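See structure below.
Values below: every heavy atom of this structure, side chains too, minus hydrogens, waters and symmetry copies. Just so it is clear, the structure is predicted and the values come from calculations on it, not from any experiment.
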Amino acid sequence: MSFSDIPLKGWAFKPGSSERFAAQIDVRDDWIFLIDPVEKTVLSKSEPSQTSLDQAAGGGTRNLYFADGWLFQTEDSRVSLLMQEPLSHRLLRLFEQFHPRLIALAVLCMIGSMALWKWAIPAMVTIAVWMTPEPMIRQVDRATLETMDFTMLEASSLSQEQKDAQNAILDDLRHALGTEDSFKLVFRDMPGMGANAAALPGGTIIISDALVSGYGADPDVIAGVLAHEMGHVVEEHGLRQVYRSLSLYLIISMMAGDVGPVLEDLLLEGQAFASLSYSRKHELSADRFAVRLLNKSEYDSEGFKRFFADLSDGEEPPAWFSTHPTHSDRIEQIDELNRHRH
């Protein structure tokens, strides 16, 4: 190999000195010469085996160390060929250097991430939900209810007659659904939360005293709210939401059969579900489920619509700022479903 026709140009440093001056490298008869191009004198020479090249990454200068302490610094990439640097190292440096192709690589990474989020993660979520054993789901309900009781809920003051009336509505809806899924009503006072209800993944439905007190005389409204919460359970929104939020680590851990302490803490201790907020997509899906179920039962879906009409009297944030659809959007969807029914 000879670089005598086009010498490697750069800078030289004397042993133990930081003073830099122009220099070049020439190779003849298996010797590497460090030459002063002005004085035409040899500053140092070494056999290739006694000369070492730095392990720098990416672009920038390379340092070539001579056996007697001289240092040659260059930006000429041919130095890697001179020192017979492994091809893998040269390719790595090539990809580490800034180049317009990095923009294309970044775009491809973004597309890949979007595809992972849109298709791969939902597929893994579906598998993880399917593989979640029933005993774990029941334990999730128990733990989450205990957490909510400790942090935000209080004992119900409803009479047994009021509770029995709501359980009768749930039984009617379960019969209309024609499913073996088990649902259980739990009554709690929810300070500051008004007329509300929440569904846990195992079929436990928490219903507030304010909902029963405010709408107990209108069973169609109660039926609409309960049917909506049943939709969350049947369509497994709770597990899907939490698995998606916990992302790849817990999903892969579940698929591999090793739930580990992280999954146990987040699921079995109830922390994840106690703070769970369904997405707008899940809320609208549960609304559609509720309307279809109500139309199969003895209850009128207009009651479900009245519930949202009452809520819409208060100020609500825009849809893009909320985890829930606007009340007007939900009313519009109910009307649309009923029009198609007829």
Side-chain angles (χ1 to χ4, degrees), residues 115-153 170 173-174 177-186 188 190 193 196-207 225-293 322-325:
L116 178 69
W117 185 254
K118 186 172 183 179
W119 290 296
I121 290 182
M124 288 188 288
V125 165
T126 298
I127 295 172
V129 169
W130 176 73
M131 294 184 67
T132 304
E134 284 297 325
M136 177 179 286
I137 297 177
R138 290 193 294 271
Q139 173 61 22
V140 165
D141 276 27
R142 288 192 294 270
T144 304
L145 184 58
E146 289 176 1
T147 299
M148 296 177 73
D149 281 340
F150 181 76
T151 58
M152 64 184 72
L153 305 181
L170 181 65
L173 293 174
R174 185 189 292 112
L177 184 60
T179 180
E180 296 182 358
D181 290 346
S182 59
F183 296 94
K184 175 186 177 182
L185 272 187
V186 174
R188 293 290 189 274
M190 301 181 181
M193 300 178 67
N196 215 326
L200 302 181
T204 301
I205 299 176
I206 309 169
I207 185 169
V225 174
L226 293 183
H228 171 89
E229 300 303 334
M230 292 170 71
H232 281 313
V233 176
V234 172
E235 296 181 354
E236 300 171 322
H237 292 161
L239 284 177
R240 291 181 181 277
Q241 189 83 344
V242 77
Y243 278 134
R244 190 175 184 94
S245 65
L246 295 178
S247 195
L248 292 176
Y249 172 76
L250 294 181
I251 295 171
I252 294 173
S253 295
M254 175 62 72
M255 292 172 62
D258 179 14
V259 297
V262 177
L263 182 61
E264 183 176 349
D265 289 346
L266 289 174
L267 295 188
L268 300 188
E269 291 186 7
Q271 299 297 328
F273 286 96
S275 60
L276 182 64
S277 180
Y278 293 116
S279 67
R280 289 194 292 270
K281 178 181 177 181
H282 286 166
E283 290 295 336
L284 290 173
S285 178
D287 285 352
R288 291 191 294 271
F289 178 94
V291 172
R292 290 192 295 268
L293 179 57
S322 175
T323 58
H324 283 53

State, yes or no, whether a side-chain contact exists between Arg188 and Met152 at a heavy-atom distance under 4.5 Å.
no

How about Leu170 and Met230: do any of their side-chain heavy atoms sit closer than 4.5 Å?
yes

Could you tell me whether the side chain of Leu200 reaches within less than 4.5 Å of the side chain of Val233, counting heavy atoms only?
no

How are the rings of His232 and His237 set to each other: parallel, tilted or perpendicular (split at 30° and 60°)?
perpendicular

Where is the tightest heavy-atom contact between Met193 and Asn196, given as atom of each residue plus distance?
O-ND2, 3.5 Å

Rounded to the nearest 0.5 Å, what separation is found between the CZ atom of Arg292 and the CG atom of Leu177?
11.0 Å

Can you tell me how far the CD atom of Glu236 sits from the OG1 atom of Thr132, to the nearest 0.5 Å?
8.5 Å

Might you point out which heavy atoms bring Val186 and Thr204 nearest each other, and give the distance in Å?
CG2-CG2, 3.6 Å

Arg240/Thr126 under side-chain contact (heavy atoms from CB on, under 4.5 Å): CA gap, chis, key distance, verdict:
CA-CA 7 Å; Arg240 291 181 181 277; Thr126 298; 3.1 Å; yes

What heavy-atom pair brings Ala227 and Leu293 nearest, and what distance separates the two atoms?
CB-CD2, 4.0 Å

What I'd like to find out is whether the side chain of Ile206 reaches to under 4.5 Å of the side chain of Met190, using heavy atoms alone.
yes

To the nearest 0.5 angstrom, please state how far the CD atom of Glu146 sits from the CG atom of Leu153.
12.0 Å

Tightest non-hydrogen contact, residues Arg280 and Pro325, listed as CG-N, 3.6 Å

If we only count heavy atoms from C-beta on, is the Val125 to Trp130 side-chain gap below 4.5 Å?
no

At their closest point, which heavy atom of Ala197 faces which heavy atom of Val225, and how far apart are they?
CB-CG1, 3.7 Å

Flag side-chain contact, heavy atom, 4.5 Å: Phe289 against Leu284:
no

Checking Glu229 side chain against Ile205 main chain: does a donor-acceptor pair fall under 3.5 Å?
no

Shortest non-hydrogen contact from Val140 to Pro201?
CG1-CG, 3.7 Å

Can you find a pair of side-chain heavy atoms, one from Asp149 and one from Leu145, that are under 4.5 Å apart?
yes

Can you tell me if Arg174 uses its side chain to pair, donor with acceptor, with the backbone of Ser182 under 3.5 Å?
no

Interatomic distance, CG@Asp141 vs CE@Met136, rounded to 0.5 Å, equals 13.0 Å

Within the 3.5 Å criterion, strictly below it, is a donor on Glu235 or His282 matched to an acceptor on the partner's side chain?
no

